[in-house]
Trainee: 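The structure's right below; bear with me while I get my questions together.
Here is the naming used below: chain letters follow the sequence lines, and residue numbers restart at 1 for every chain.
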Amino acid sequence: MELMPELPDLEVFAANLTRKLSGKSLSDLKISERTSLNVSVGTLQKALLKQKLTRVYREGKELRFVFSNDAILGIHLMLHGKMTWENRDDQPVKNPLVRFSFSNGLVLTVTDIMNAVTVTLNPEKSEAPDALSVTITPSWWKKNLAASGAQIKSLLLNQKFIRGIGNAYADEILWTAGISPFSSAREIPPDKVRKLSSAVKQVLRAAVRMIKKSAPGIIGGELRDFMSVHNAHRETDPKGHYIRNSALGGRKTYYTDQQVLYK
DNA sequence: ACACATGTTCAGCG
DNA sequence: CCGCTGAACATGTG
């Protein structure tokens with residue numbers, strides 16, 4: 001099954017896009033009318049055509065293409081968006097939402113069966129910090145968890161609270177921190193808040209390293225076989241504890257009884 | 001055949 | 001009124 005990329009996958013995609021495309025200029029840009037776009041196609045083309053791509057980075061769950069005139073193109077893949085290289089000898093990619101042609105001959109396409117992908121010229125700055133931002137500290141967690149009565153997993157998935165964490169990594173983070181996903185955010189004690197704070201960065205950074213190592217060059221798909229609990233094929237976690245699963249926020253949630261429930 | 005992945009939005013509930 | 005929960009969206013895959 002093709003699962004959706006989350007923060008670590010997107011981080012690797014961004015690095016790989018930068019490696020292939022930085023310094024190349026955008027020679028052609030086609031946008032389907034099915035694409036959800038914050039400006040007109042004409043405005044977008046005027047802003048980006050002939051511009052040199054400086055780099056691609058990840059912000060939350062969005063990819064950001066930075067051009068030499070400081071224009072930024074944000075692409076959010078949502079649930080089903082996919083990026084592929086369109087090779088000259090292959091069949092053209094069917095019904096792409098976006099098709100970038102670069103001066104080195106590389107053609108990047110974005111497709112989406114649900115047409116839910118969003119394309120944003122010069123996205124606005126978000127209030128919520130990125131999960132890997134240096135502004136997220138144990139005291140940030142302490143203050144913001146105290147203000148919320150939500151279940152901790154719902155809060156981790158809330159992009160208005162913290163950006164970039166998806167369903168699979170939320171489970172991995174809470175397993176690492178030893179906190180039940182059903183815990184009330186404001187009831188988590190200080191020592192566990194510190195554990196959560198470090199687990200977020202530790203889990204996400206470790207995943208980036210593993211994906212880079214095992215799938216260098218990828219711009220699509222995902223890797224999940226290293227996951228400790230969020231894995232439908234596992235019966236037990238690496239310590240041998242039975243993995244339970246149930247629904248939370250309409251998403252499957254995997255956890256063990258070792259994760260303490262604070263209510 | 002059919003349950004299951006996934007993110008965001010928004011109706012509805014308390 | 002506000003914060004929170006969970007259904008709905010669509011379809012390829014095992």
Side-chain angles (χ1 to χ4, degrees), chain A residues 1-14 32 34-38 58-64 74-84 93-97 109-120 123-124 126-128 130-131 143-174 180-188 204 207 211 218-235 243-255 261-263:
Chain A
M1 178 172 310
E2 180 93 3
L3 301 175
M4 283 320 293
E6 289 194 25
L7 183 152
D9 309 287
L10 292 166
E11 188 80 17
V12 177
F13 297 173
S32 157
R34 291 170 292 127
T35 308
S36 162
L37 180 62
N38 70 330
R58 177 202 58 77
E59 181 74 40
K61 297 179 191 174
E62 195 175 73
L63 292 172
R64 299 259 171 106
I75 296 188
H76 195 309
L77 296 173
M78 304 297 275
L79 270 177
H80 300 280
K82 279 188 184 63
M83 293 188 295
T84 43
V93 170
K94 274 188 196 165
N95 302 317
L97 288 175
T109 64
V110 180
T111 53
D112 181 6
I113 52 172
M114 275 179 76
N115 299 328
V117 162
T118 62
V119 177
T120 313
E124 284 180 25
S126 168
E127 296 281 310
D130 185 85
K143 179 178 140 216
N144 290 289
L145 291 186
S148 172
Q151 295 176 121
I152 185 61
K153 185 177 175 185
S154 307
L155 199 59
L156 293 181
L157 294 176
N158 183 351
Q159 305 298 301
K160 293 192 172 102
F161 178 75
I162 184 172
R163 285 177 303 138
I165 301 172
N167 191 43
Y169 285 97
D171 285 352
E172 293 299 297
I173 287 163
L174 290 169
S180 163
F182 302 96
S183 291
S184 166
R186 67 166 66 103
E187 302 300 332
I188 299 172
L204 296 174
I211 294 164
I218 58 162
I219 60 160
E222 46 67 47
L223 270 122
R224 292 290 156 75
D225 47 359
F226 52 79
M227 292 211 156
S228 300
V229 283
H230 193 95
N231 185 335
H233 304 298
R234 290 193 79 125
E235 284 193 3
I243 297 172
R244 300 184 180 282
N245 74 78
S246 57
L248 192 158
R251 290 285 163 270
K252 187 152 266 187
T253 292
Y254 296 89
Y255 62 101
L261 177 63
Y262 302 99
K263 271 215 171 294

Trainee: Please report the shortest heavy-atom distance between A/Ser148 and A/Ala185, naming the atom on each side.
Mentor: O-CB, 3.4 Å
Trainee: Show the nearest heavy-atom pair for residues A/His230 and A/Lys252, with the distance to one decimal.
Mentor: CE1-O, 3.8 Å
Trainee: Take atom NE2 of A/His80 and atom P of C/dA10, then tell me their distance rounded to the nearest Å.
Mentor: 10 Å
Trainee: Run the salt-bridge test on A/Arg34 and A/Asp112 with the 4.0 Å N-O cut-off and return the result as yes or no.
Mentor: no
Trainee: Find the distance between CG (A/Asn231) and CG (A/Asn245) and round it off to the nearest 0.5 Å.
Mentor: 11.5 Å
Trainee: Determine whether the side chains of A/Ser36 and A/Thr118 contain a donor N or O and an acceptor N or O closer than 3.5 Å.
Mentor: no
Trainee: Using whole Å, what does the distance between atom C1' of nucleotide B/dT6 and atom CD of A/Gln159 come to?
Mentor: 13 Å
Trainee: Tell me the closest heavy-atom pair linking A/Leu248 and A/Pro181, and the distance in Å.
Mentor: CD1-O, 3.7 Å
Trainee: Is the phosphate of B/dC4 approached by A/Tyr254 (side-chain N or O, under 4.0 Å from OP1 or OP2)?
Mentor: no
Trainee: Using the 3.5 Å cut-off, write out each protein N or O paired with an N or O of nucleotides 3-7 of chain C and the distance between them.
Mentor:
residue : atom : partner  : partner atom : Å
C/dC4   : OP1  : A/Ser148 : OG           : 3.2
C/dC4   : OP1  : A/Gly149 : N            : 2.9
C/dC4   : OP1  : A/Ala150 : N            : 3.3
C/dT5   : OP1  : A/Gln151 : N            : 3.4
C/dT5   : OP1  : A/Gln151 : NE2          : 3.3
C/dT5   : OP2  : A/Ser154 : OG           : 3.4

Trainee: A/Asn95 has an atom CG; how far is it from atom P of C/dA10, in whole Å?
Mentor: 16 Å
Trainee: Just do the side chain to side chain contact (heavy atoms under 4.5 Å, CB included) check on A/Leu77 and A/Lys82 with the steps written out, would you?
Mentor: CA-CA 7 Å; A/Leu77 296 173; A/Lys82 279 188 184 63; over 6 Å; no
Trainee: Using a 3.5 Å limit on both distances, find every run of at least three consecutive Watson-Crick or G-U pairs that involves DNA chain B.
Mentor: B:2-5 with C:11-14, B:7-14 with C:2-9
Trainee: Take the protein atom CG of A/Leu7 and the nucleotide atom P of B/dT8, then report the distance between them rounded to whole Å.
Mentor: 12 Å
Trainee: When the C1' atoms of C/dC9 and B/dA1 are considered, how many whole Å apart are they?
Mentor: 22 Å
Trainee: Using whole Å, what does the distance between atom P of nucleotide B/dA5 and atom CG of A/Asp171 come to?
Mentor: 11 Å
Trainee: Give every pair of a protein N or O atom and an N or O atom of nucleotides 9-12 of chain B that lie under 3.5 Å apart, one pair per line with the distance.
Mentor:
none

Trainee: Looking at A/Ile218, A/Ile75, A/Val110, which hits side-chain contact (heavy atoms from CB on, under 4.5 Å) with A/Met83?
Mentor: A/Val110
Trainee: For A/Lys263, is there an ion pair with A/Glu187 - N to carboxylate O distance below 4.0 angstrom?
Mentor: no
Trainee: Please report the shortest heavy-atom distance between A/Ile152 and A/Leu145, naming the atom on each side.
Mentor: CD1-CD2, 3.7 Å
Trainee: At under 4.0 Å between heavy atoms, what does A/His233 touch on the DNA or RNA strands: base, sugar-phosphate, or nothing?
Mentor: nothing
Trainee: Search all heavy atoms of A/Val117 against all heavy atoms of A/Gly81 and return the closest pair with its distance.
Mentor: CG2-CA, 3.7 Å
Trainee: Any salt bridge between A/Glu127 and A/Lys160, counting N to O under 4.0 Å?
Mentor: no
Trainee: Suppose you measure atom P in C/dA10 against the same atom in B/dC10; what distance do you get, rounded to whole Å?
Mentor: 15 Å
Trainee: To the nearest Å, give me how far apart CD1 (A/Ile113) and P (C/dA10) are.
Mentor: 10 Å
Trainee: Write down the distance between CD (A/Glu62) and P (B/dT8), rounded to a whole number of angstrom.
Mentor: 10 Å
Trainee: Could you give the CE-to-P distance, from A/Met114 to C/dA8, as a whole number of Å?
Mentor: 13 Å
Trainee: So, OP1 or OP2 of B/dT8: does either fall under 4.0 Å of a side-chain N or O from A/His76?
Mentor: yes
